[in-house]
Amino acid sequence: MATTFPNFETPWSEFAGEGKSYDLYRPGYPAEVAKIIVDHTLHRGLDGDIVDVGSGTGIFTRLLAAEAQGRASIVGVEPNTDMIHVAVKSTSREQNIKFRVSPAERLPFPDRCVSAVAAATAAHRFDRHAFYNEVARVLLPGGLLSLVHNRHRYLDSPALSEYHDFVEQCIPEYRRGTFTTAAGTYSAIDFYSELDGDLRFENVKVRHWNWDFDTSLQHFLALSFSSSLIQRSAVAVGEQAVTKKLTEIFELHSQGGLLRLPHVTEVTFATRR
């Protein structure tokens with residue numbers, strides 16, 4: 001019998017039906033980020049779960065499990081039914097990951113029982129006031145919060161600069177460098193200031209990892225359409241127009257059938273007092 005999950009109406013609902021494409025085409029994260037999280041819990045002797053909140057299809061969750069190698073239990077928490085079904089199918093039993101269905105604002109854990117909470121390309125869509133309250137509640141003293149975001153390095157890429165020019169034309173309220181919010185709007189979010197001003201956390205710091213990956217036209221189109229920015233652009237001007245523009249960008253800037261996409265992974269770390 002297939003596992004059934006409750007469904008939650010959340011800011012992630014627009015990704016319903018996109019789980020398979022998201023899992024196939026979304027880029028991963030630097031392994032060092034997962035290593036820092038796992039090492040923190042081991043060095044501090046914390047024996048609770050490491051929790052990936054807004055875990056989606058489990059891309060970062062599986063990276064945590066690969067780094068932990070059974071030394072810590074890994075739990076993915078995700079409210080979107082489609083995403084979590086894909087996560088379960090994409091995760092082998094040997095990885096020993098548990099998935100639980102719940103919004104970030106209502107974490108399904110008792111007080112002070114979790115060693116680390118991570119959120120990978122997710123926290124911008126949370127009600128972060130409620131989320132930080134939940135993180136402060138469930139983390140053990142000394143536990144680590146890690147807000148992980150993959151961003152385009154559009155200043156290092158004419159292709160990505162043109163990509164964001166196009167999105168700004170399609171979505172007038174969007175500006176490059178801003179995040180999609182829980183309300184569906186766009187805003188510059190300073191995670192560091194939010195956590196540095198919260199007396200429940202200490203040792204707040206931000207680290208960056210620059211990396212690139214090469215993509216074919218088919219992958220570039222699929223990757224783009226897994227993004228809410230491109231989905232909303234398609235609503236505004238039509239899928240055909242968006243596909244045409246993305247193809248033009250690829251053909252103009254690719255070399256040897258591949259387009260290089262510079263990224264940066266930005267992580268805001270904070271420790272529970």
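Worth saying up front: this structure is predicted, and the values here are computed from it rather than measured.
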Measuring only between side-chain heavy atoms, which start at C-beta, is [X] closer than 4.5 Å to [Y]?
X    : Y    : value
N203 : F269 : no
T271 : F201 : no
L221 : Y25  : no

Which residues pass the side-chain contact (heavy atoms from CB on, under 4.5 Å) test with [X], not counting sequence neighbours?
X    : value
T185 : T181, A183
A130 : E105, D127
L155 : none
Q169 : F166

Testing the 3.5 Å rule here: is there a donor-acceptor pair between the side chains of [X] and [Y]?
X    : Y    : answer
R125 : S228 : yes
Y29  : T121 : yes
D52  : S55  : no
H152 : Y163 : no

key: Qualifying salt bridge (Lys or Arg N to Asp or Glu O under 4.0 Å) pairs with a residue from residues 239-256, counting only residues at least two apart or across chains   =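 Of all non-adjacent pairs touching residues 239-256, those that pass salt bridge (Lys or Arg N to Asp or Glu O under 4.0 Å) are E162-K245, K244-E248.
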query = Which residue pairs satisfy the salt bridge (Lys or Arg N to Asp or Glu O under 4.0 Å) criterion with at least one member in residues 137-151, sequence neighbours excluded?
reply =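 Output for this query lists D111-R137, E134-R137.
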Only counting residues at least two apart or in another chain, list the ones meeting salt bridge (charged side-chain N to carboxylate O under 4.0 Å, His left out) with [X].
X    : answer
R176 : D165, E168
R153 : D156, D212
K98  : none

ask   = For the ring pair F191 and H124, is the centre-to-centre distance below 6.0 Å?
value =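 No, they do not, as the ring centres are separated by 6.0 Å or more.
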Let me have the donor-acceptor pairs involving side chains of residues 261-268, under 3.5 Å, with sequence neighbours excluded, atom names and distances please.
unit_1	atom_1	unit_2	atom_2	d
H263	ND1	L261	O	3.1
T265	OG1	N150	OD1	2.6
T265	OG1	W211	NE1	2.8
E266	OE1	H208	NE2	2.9

With a cut-off of 3.5 Å and sequence neighbours excluded, list every side-chain donor-acceptor pair involving residues 64-77.
unit_1	atom_1	unit_2	atom_2	d
R71	NE	A68	O	2.9
R71	NH2	E67	O	2.8
S73	OG	D49	OD1	2.3

inquiry  = Taking E173 first and then R232, would you say they form a salt bridge - that is, a charged N and a carboxylate O separated by under 4.0 Å?
reply    =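 Salt bridge: no.
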Nonpolar side-chain network containing L46, other nodes, edges under 4.5 Å =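 ILVMFWY cluster around L46 also holds L140.
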message = I'd like to know whether CZ of R175 has more than 12 heavy-atom contacts from other residues, nucleotides or ligands below 6.0 angstrom.
response =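 Result for CZ/R175: enclosed.
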